[in-house]
Novice: 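Take a look at the following structure, please.
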Amino acid sequence: MKTLITSAAALTLSMSAIAQETSIDTSTWFDDPSTLTQTDGASIYAGVCAGCHMPNGQGAKGAGDYPALTNNSSLVATAYPVSLIVNGHKAMPALGGLLDDEQVASVVNFIRSNFGNNYPDNPASAELVNSMR
């Protein structure tokens, strides 16, 4: 139990540090999703995703298993990361209430074209995200 509490505290501190680096106020996100105004995938990734998946997409193991996004062949199909981000799965929280359709598409396109991934075909669109909600 002590390890879980320590890991949760470390994750909270790292997310706070990442948010400070990217000038994103995370304090009200889950109370009021409209406070997340960033629209570019890199900023959204840095402020929302990097706390678990790490800044360079390398993933982490500790209190949970946060899969690496680097060279990740699961990202070939555009719908897969869209579904995970909108609906969540296992330890991945559903972020559909936090991110609008454009933001989800933007961060999906970012992770599919960074971290050693090169999947330019079938980019995510707001229309695709909306159809999967």
Side-chain angles (χ1 to χ4, degrees):
M1 183 68 167
K2 184 177 179 181
T3 302
L4 180 61
I5 293 169
T6 303
S7 297
L11 179 59
T12 301
L13 290 173
S14 69
M15 290 202 50
S16 177
I18 290 167
Q20 288 173 1
E21 288 175 16
T22 58
S23 301
I24 298 175
D25 178 11
T26 60
S27 64
T28 60
W29 281 358
F30 292 104
D31 296 329
D32 182 10
S34 67
T35 60
L36 181 63
T37 59
Q38 287 69 23
T39 57
D40 67 290
S43 293
I44 295 167
Y45 181 85
V48 179
C49 311
C52 294
H53 293 284
M54 300 294 111
N56 294 321
Q58 70 268 28
K61 290 188 187 297
D65 185 12
Y66 308 102
L69 300 175
T70 55
N71 300 304
N72 189 328
S73 61
S74 294
L75 300 175
V76 170
T78 309
Y80 179 73
V82 169
S83 177
L84 287 179
I85 292 168
V86 170
N87 303 308
H89 180 68
K90 296 184 180 179
M92 171 72 184
L95 299 174
L98 172 66
L99 303 172
D100 67 24
D101 297 345
E102 289 287 341
Q103 290 168 317
V104 171
S106 184
V107 77
V108 165
N109 292 330
F110 175 77
I111 63 173
R112 292 182 74 235
S113 61
N114 287 279
F115 312 125
N117 300 311
N118 187 20
Y119 308 121
D121 295 339
N122 302 316
S125 66
E127 293 78 18
L128 172 66
V129 175
N130 185 269
S131 73
M132 294 181 66
R133 286 190 185 267

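Reckoned from all heavy atoms, side chains included, excluding hydrogens, waters and symmetry mates. In this chain, numbering begins with 1 at the start of the sequence shown.
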Novice: State, yes or no, whether a side-chain contact exists between Tyr45 and Ser106 at a heavy-atom distance under 4.5 Å.
Specialist: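 Answer no - side chains too far apart.
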
Novice: Quick one: does Ser83's side chain have a donor or acceptor within less than 3.5 Å of a partner on Tyr80's backbone?
Specialist: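 No, because the side chain of Ser83 does not come within donor-acceptor range (under 3.5 Å) of the backbone of Tyr80.
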
Novice: Ignoring hydrogens and angles, tell me if any N or O in the side chain of Asn72 forms a donor-acceptor pair with the backbone of Ser74 under 3.5 Å.
Specialist: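 Yes, the answer is positive, given that a donor and an acceptor are paired below the 3.5 Å cut-off.
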
Novice: Show the numbers, then the answer: is there a side-chain contact (heavy atoms from CB on, under 4.5 Å) between Met132 and Val82?
Specialist: CA-CA 8 Å; Met132 294 181 66; Val82 169; 3.6 Å; yes

Novice: Do Asn56 and Thr70 touch side chain to side chain, with heavy atoms closer than 4.5 Å?
Specialist: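 A side-chain contact under 4.5 Å is absent here.
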
Novice: For Thr39 and Glu102, run side-chain contact (heavy atoms from CB on, under 4.5 Å): C-alpha distance rounded to whole Å, both residues' side-chain angles, the deciding distance at 0.1 Å, then the answer.
Specialist: CA-CA 7 Å; Thr39 57; Glu102 289 287 341; 6.0 Å; no

Novice: Can you classify the ring geometry of Phe110 versus Phe115 as parallel (below 30°), tilted (30 to 60°) or perpendicular (above 60°)?
Specialist: perpendicular

Novice: Working to the nearest 0.5 angstrom, can you tell me the gap between Met92 CE and Asn87 CG?
Specialist: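 The CG atom of Asn87 is 10.0 Å from CE of Met92, to the nearest 0.5 Å.
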
Novice: Does any N or O in the side chain of Ser43 come within less than 3.5 Å of the main-chain N or O of Gln38, such that one atom is a donor and the other an acceptor?
Specialist: no

Novice: Quick one: does Arg112's side chain have a donor or acceptor within less than 3.5 Å of a partner on Val76's backbone?
Specialist: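 Such a contact is found between Arg112 side chain and Val76 backbone.
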
Novice: Please answer whether the main-chain N or O of Asn114 pairs with a side-chain N or O of Asn117 as donor and acceptor at a distance below 3.5 Å.
Specialist: yes

Novice: Please examine the side chains of Asp101 and Glu127, heavy atoms only from C-beta on, and report whether any two atoms are closer than 4.5 Å.
Specialist: no

Novice: Are Ile111 and Leu84 joined in one hydrophobic group, where the rule is that I, L, V, M, F, W and Y side chains link up if heavy atoms are under 4.5 Å apart?
Specialist: no

Novice: For Val108 versus Pro81, what's the shortest heavy-atom pair and its separation?
Specialist: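 Residues Val108 and Pro81, closest heavy atoms: CG1-CG, 3.8 Å.
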
Novice: Between Gln103 and Ile44, is there a side-chain heavy-atom distance shorter than 4.5 Å?
Specialist: yes

Novice: Nearest 0.5 Å, please: how far is CG in Asp100 from OG1 in Thr37?
Specialist: 10.5 Å

Novice: Can you say whether the rings of Tyr66 and His53 are parallel (under 30°), tilted (30 to 60°) or perpendicular (over 60°)?
Specialist: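 Taking His53 first and then Tyr66, their aromatic rings stand perpendicular (interplane angle over 60°).
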
Novice: Can Leu98 and Val48 be said to form a side-chain contact (heavy atoms from CB on, under 4.5 Å), step by step?
Specialist: CA-CA 10 Å; Leu98 172 66; Val48 179; 4.1 Å; yes

Novice: I'd like to know if Lys90 pairs up with Asp65 as an ion pair, taking the criterion as any Lys NZ or Arg NE/NH1/NH2 lying under 4.0 Å from an Asp or Glu carboxylate oxygen.
Specialist: no

Novice: Is a donor on one side and an acceptor on the other found under 3.5 Å between the side chain of Asn109 and the backbone of Ala105?
Specialist: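 Yes: the side chain of Asn109 pairs with the backbone of Ala105.
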
Novice: Grab the two heavy atoms, one from Leu99 and one from Arg133, that are nearest each other, plus how far apart they are.
Specialist: O-NH2, 2.8 Å

